[in-house]
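For reference, the structure is listed below as structure tokens.
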Amino acid sequence: MKYNRGNKLVLWRRTENECCFCKFLFEVAVVMSIGYACLSVGVPGTDFKSCVMKNAGEERLRDVIAQNLSALENLIEYNIRNHIYLFRISSDIIPFGSSPVNSLAWWDLFEPSLTRIGARIHAAGMRVSMHPGQYTILNSPTQEVVARAVEDLRYHTRFLGALHTGPENKIILHIGGIYGNKDEAVQRFIDEYQKLDDDIKLRLVLENDERSYHICDVLDIARQIGAPAVFDNLHHAIHPCSVDLPDSDWIHACAGTWKDQDGRQKIHYSQQSPDKRRGAHTDSIRIDEFLSFYQNIHGGNIDIMLEVKDKNLSAVKCINCTTGAARMAYLELDWSRYKYLILEKAPGVYHQIRELLKDRDSYPAVEFYHLVEFALKEEAAKGNQINAALHVWGYFKKFASENEKKLCMRHLQKLETQKDDSAGFKRFLLRLAQKYDQKYLLDSLYFYL
DNA sequence: TGACGTCAAGATCCG
DNA sequence: CGGATCTTGACGTCA
């Protein structure tokens, strides 16, 4: 259960099957988890549904909740398969979960599935969290707003409780608005916090935001009420406090607010998108930038929640580039998902990566993701679109019907003669992959990015 | 009063 | 009718 790679002792993560000795090792080992929020990219069977208020009847709500719990279960299984042990559950998992619009006793109705999902989370050693949106505000001067916020926190607490997760599975909250007087607004937050049910307080952690409450404010409040503080690096970059310290120092300062019962310290990590508004997240985590951040905080026994558009893809990338359990199979698995996309965008890089992964005794994770990042920035030229599409078509050649062959030819001709992109062709190929149940293809990012 | 952010539902348009 | 594209919804604060 432990082995040596180079001169570095590597500890396996705890699983259901491991012995007591290893569980002991797990307890004392420094383990950092990296995770992602709410949704996944390119994982079949994990789509979430919602409904608008006027359609939120009992039957519709049941349907949506059943579908969402099934999606959550599939997501958890995907996370386990991909060694992702930190995950934020979407607040929208139960539509109108804190509103009188939804009067279903969903925690009873769906008890078997909630219990089953919770057991999988627990057995895998996964940590989950929830994060009510920017509209859940405890310090509003408007009583009704506060009352709804309290209801919303009750809902989040109830959901994590229905999964039978412990208090280290957190609910992350911002402080709220200023309303023209910050001191009074902070005091209102503290007063309202004190009134909360104990099971909510056990889970609540406070996060710095990008406009009103910087990390000094949050640390100050967190210490007063005895709640843990989550440091968000991008919010901090946009809205820093007057004391100028490196991120690692703020993270260290936050560490003191985390008690044993809270589990490992958590932080949020994201990067500024170069061409969007301030605070907008990148499409994918730029690995070099992440690794230099990571090196500065390494050894801190910290969980890192990534906030990024490509979600699980960046989580896998960052995990593969930092894991102690380095295995070529992890890179090969990720390569199998990127390969046709990269073949389409940059065939030269496609061949470079194939060469790179040939040496099975190496673990060139960072080089691999450098090449992936480079390739994904490229625009697919028409000839390469055709080439990649034909590669994918190759999976169906043998059993495709005459009509499907005809349709394929038509898509090919259309792609050759028009300026049109390959979206229609890809949809056609995805439908074939579904029809002929080509599992390998169904996981390909070629269809989803 | 609209921007802010976020995602899918809902609405509408097109062939 | 199916697919593609545009608009709406649900939330609270602040300019």
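Reckoned from all heavy atoms, side chains included, excluding hydrogens, waters and symmetry mates. Proteins get letters first, then strands, A, B, ... in listed order; numbering begins at 1 in each.
Taking atom CD of residue A:Glu144 and atom C1' of nucleotide C:dT13, one finds them 16 Å apart after rounding to whole Å. Between A:Asp47 atom CG and B:dA8 atom P there is a gap of 7 Å when expressed in whole angstrom units. Look at OH on A:Tyr135: it is 9 Å from C1' on C:dT13, rounded to the nearest Å. Distance CZ (A:Arg278) to P (B:dC4): 15 Å, rounded to an integer number of Å. In this structure, A:Asn181 atom CG and C:dT13 atom C1' are separated by 16 Å, rounded to whole Å. As rounded to whole Å, 14 Å separates atom P of C:dC14 from atom CD1 of A:Ile175. Taking atom CZ of A:Phe189 as the reference point, atom P of C:dT13 lies 14 Å away to the nearest angstrom. Following rounding to the nearest Å, A:His131 (NE2) and B:dC7 (P) show an atom-to-atom distance of 13 Å.
In terms of phosphate contacts, A:Tyr179 brings no side-chain nitrogen or oxygen within less than 4.0 Å of OP1 or OP2 of C:dC14. Taking 4.0 angstrom as the limit, A:Arg211 places none of its side-chain polar atoms (N or O) nearer than this to OP1 or OP2 of B:dC4.
In A:His252, the NE2 atom is not crowded: 12 or fewer heavy atoms of neighbouring residues, nucleotides or ligands sit closer than 6.0 Å.
A salt bridge is defined here as a Lys NZ or Arg NE, NH1 or NH2 lying under 4.0 Å from an Asp or Glu carboxylate O, and A:Asp310 with A:Lys317 fails to meet this definition. Salt bridge A:Glu151/A:Arg154: present, at least one basic N to carboxylate O contact under 4.0 Å.
With 3.5 Å as the limit, one finds no donor-acceptor pair spanning the side chains of A:Asp92 and A:Ser50.
Residue A:Ser140 is in sugar-phosphate contact alone, with no base atom involved, counting any heavy-atom pair closer than 4.0 Å across all strands shown. Counting any heavy atom pair closer than 4.0 Å across all strands shown, A:Gly133 reaches no nucleic acid atom.
Map A:Arg148 and A:Arg431 each onto its nearest nucleotide of DNA chain C; the residue landing nearer the 5' end is A:Arg431. When the nearest nucleotides of DNA chain C are assigned to A:Arg427 and A:Gly176 by heavy-atom distance, the more 5′-ward of the two goes with A:Arg427.
For A:Lys345 and A:Phe374, the positive end is not near the middle of the six-membered ring at less than 6.0 Å and at most 45° from its axis.
The one candidate from A:Glu404, A:Arg431, A:Lys398 that meets the side chain to side chain donor-acceptor pair (under 3.5 Å) condition with A:Tyr436 is A:Glu404.
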Taking only nitrogen or oxygen atoms into account, show me every contact under 3.5 Å that the protein makes with nucleotides 9-15 of chain B, one pair per line with its distance.
residue : atom : partner : partner atom : Å
B:dG10  : OP1  : A:Asn55 : ND2          : 2.2

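Residues A:His236 and A:Phe231 bring their aromatic ring centres within 6.0 Å.
Of the candidate nucleotides C:dA10, C:dT13, C:dC14, C:dA10 has the atom nearest to the side chain of A:Met53.
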